[in-house]
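Worksheet: the structure to be examined is printed underneath.
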Amino acid sequence: MGTIVACIGGFLGAGKTTALQAAAAEIERRGRIAAVITNDQGSELVDTQAMRRQGVDTAEITGGCFCCKFEDLVSTMGAIVERRRPDVILAEAVGSCTDLSATVYQPLRKFYRDTFTLAPLSVLAEPSRVRALRDKGSARFPDSVRYLFSKQLAEADLIVLNKIDTLEAGDRREITRWLHDAGAGAPVHAMSARSNAGVAEWVDRLLGGSAAGSRLLEIDYDTYAAAEAVLGWLNATAELTSAGDLPPKAVAEGFIQRVQEMATDAGMAIAHVKALVSAGADSDRIALTDEAETAQWSGAARFTPASRMSLVINARVRAEPEDLKRLVLDALQASAAAFASTAAVHHMECFSPARPTPRHRFANIVQ
Ligand SMILES: Nc1nc2c(ncn2[C@@H]2O[C@H](COP(=O)(O)OP(=O)(O)OP(=O)(O)O)[C@@H](O)[C@H]2O)c(=O)[nH]1
Ligand SMILES: [Mg+2]
């Protein structure tokens with residue numbers, strides 16, 4: 001049997017990275033080795049750094065999604081196997097990506113059957129996004145994004161309803177039923193990556209040898225490309241310096257709040273804005289997945305005041321790339337000024353994802 005490979009998909013901000021952190025910890029508790037691959041259209045990824053800071057062996061594939069970078073995915077997985085001999089490789093797909101069964105799972109099974117053993121394709125969904133994207137009346141994202149979301153669910157071997165800590169029991173039953181239908185009868189596993197409830201059972205399902213890549217989508221790539229193209233994508237790194245000591249927690253919260261207010265004023269819908277905040281030996285991740293909610297820290301956000309702090313910023317927002325860039329830069333300068341500091345931007349990419357062009361696309365399930 002080859003190394004187990006589990007691909008985890010689901011819309012932006014559904015909790016994939018948090019779930020992989022929890023799953024990796026659970027796998028290690030069982031005395032087995034987990035490695036992670038993160039993926040993005042750009043470079044400088046919050047998710048990679050967050051995983052590495054947890055001590056998980058993490059590789060990244062940048063500059064395109066798994067389906068468009070299939071050879072990179074295979075060579076990266078091969079290098080991880082050589083280096084670490086993990087029992088499981090957990091691969092986080094880009095949150096605006098779908099059609100992974102036809103473009104990643106089937107080719108892996110066809111060409112690398114002896115090297116890799118596929119675990120069920122898990123697609124994560126969070127309650128607030130389900131509500132926002134299933135209801136036709138919601139205008140925050142266009143129909144193309146609703147289409148993309150429905151396709152992500154329709155190809156899942158296993159749908160994971162995440163963030164159940166935010167749900168009442170009645171709502172949980174109702175959303176579970178809806179997801180089961182949207183996923184054409186796929187099993188739905190409810191859990192909270194944040195509180196760890198249900199994570200061990202999810203890992204059991206990943207390692208248990210259930211069907212993987214069992215569904216194929218019929219999908220219109222024009223609509224899929226249009227859904228990705230409405231998103232502005234920004235990856236940046238910045239450093240703030242001050243003559244005195246800065247409070248990293250307050251600075252980062254001020255920055256995210258400014259982004260939130262400015263996006264709301266401009267009518268931009270936030271899919272996910274996240275920042276990895278580091279000062280000295282301290283670091284934590286702050287994220288906002290909806291412009292109407294409050295940003296959350298992943299950990300306890302304990303920082304010692306420091307004269308220097310750095311931010312890795314990843315924003316996915318319904319906006320023109322240039323508008324998003326201006327907004328983030330303005331928010332950064334204002335946040336720095338509010339604490340008598342200066343901000344230097346070291347890296348900045350801002351774009352809309354290009355049309356997906358998979359290396360392989362299988363029309364049939366490989367047995
Ligand atoms: N309440 C709650 N929040 C969660 C849970 N899982 C993740 N989150 C939060 O949701 C936000 C997004 O989590 P991520 O794990 O970064 O989501 P993601 O799917 O990896 O996002 P992208 O990589 O940008 O697509 C963060 O603020 C997390 O702390 C959960 O089970 N419950
Ligand atoms: Mg992630």
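One is the number of the first residue; the rest follow in order along the sequence.
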Assess, by modelled atom type and distance only, whether the side chains of [X] and [Y] contain a donor and an acceptor separated by less than 3.5 Å.
X    : Y    : value
R215 : S101 : no
Q54  : Q21  : yes
T38  : D47  : no
E228 : S352 : no
Q106 : R361 : no
Q333 : R258 : no
S195 : D165 : no

Practice task
List the steps and the verdict of side chain to side chain donor-acceptor pair (under 3.5 Å) for Q367 and R109.
Solution key: CA-CA 8 Å; Q367 298 301 334; R109 183 166 284 134; over 6 Å; no

Please confirm whether the backbone N or O of [Y] pairs with a side-chain atom of [X], one donor and one acceptor, at under 3.5 Å?
X    : Y    : value
N39  : A93  : no
R134 : L179 : no
E239 : S310 : no
E44  : V312 : no
Y105 : C7   : yes
N314 : V46  : yes
D40  : T62  : no
K325 : L234 : no
E60  : L45  : no
T18  : A193 : no

Shared hydrophobic cluster, [X] / [Y] (ILVMFWY, side-chain heavy atoms < 4.5 Å):
X    : Y    : answer
I286 : F339 : yes
V74  : F362 : yes
L20  : M191 : yes
L231 : V317 : no
W233 : F11  : yes

Answer yes when [X] and [Y] have at least one side-chain N-carboxylate O distance shorter than 4.0 Å, and no when they do not.
X    : Y    : answer
R83  : D57  : yes
E155 : K151 : no
E28  : R32  : no
R177 : E174 : no

Distance (rounded to the nearest 0.5 Å) between [X] [atom1] and [Y] [atom2]:
X    : Y    : atom1 : atom2 : result
I89  : M77  : CD1   : CE    : 5.5 Å
L167 : E126 : CG    : CD    : 10.5 Å
D99  : Y224 : CG    : OH    : 6.5 Å
T223 : D143 : OG1   : CG    : 10.0 Å
I61  : I37  : CD1   : CD1   : 5.0 Å
R302 : D284 : CZ    : CG    : 9.5 Å

Problem - Heavy-atom pair with the smallest gap, counting every atom of N235 and R316 - result: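 Closest heavy-atom pair between N235 and R316: OD1-NH1, 2.9 Å.
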
Exercise for the section: Determine the minimum heavy-atom distance between A125 and L153, stating which atoms define it. Expected result: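 Looking at all heavy atoms of both residues, the shortest contact is CB-CD2, 4.3 Å.
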
Practice task
Fit a plane to each ring of F149 and W178, take the angle between them on a 0 to 90° scale, and name the class: parallel (under 30°), tilted (30 to 60°) or perpendicular (over 60°).
Solution key: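 It falls in the parallel class, under 30°.
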
Exercise for the section: Mind telling me whether F70 and Y112 have parallel, tilted or perpendicular rings, with 30° and 60° as the class edges? Expected result: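 Rings of Y112 and F70: tilted, as their planes differ by 30° to 60°.
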
Just wondering, more than 12 heavy atoms not from [X] lying within 6.0 Å of its [atom1]?
X    : atom1 : result
R173 : CZ    : no
E320 : CD    : no
R205 : CZ    : yes

Practice task
Can you spot which of S122, S210, S214 makes a side-chain hydrogen bond (donor to acceptor under 3.5 Å, both in side chains) with D157?
Solution key: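 That would be S214.
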
Practice task
Identify which one of I33, L90, V36 satisfies the side-chain contact (heavy atoms from CB on, under 4.5 Å) criterion when paired with V56.
Solution key: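 Only match with V56 under side-chain contact (heavy atoms from CB on, under 4.5 Å): V36.
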
Handout entry: Matching residue for T176 among I164, D181, L161, D171 - test: side-chain contact (heavy atoms from CB on, under 4.5 Å)
Key =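 With T176 as partner, side-chain contact (heavy atoms from CB on, under 4.5 Å) holds for just one option, L161.
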
Exercise for the section: With side chain to side chain donor-acceptor pair (under 3.5 Å) as the test, would you mind laying out the steps for T304 and D282 before giving the verdict? Expected result: CA-CA 7 Å; T304 308; D282 305 323; 3.2 Å; yes

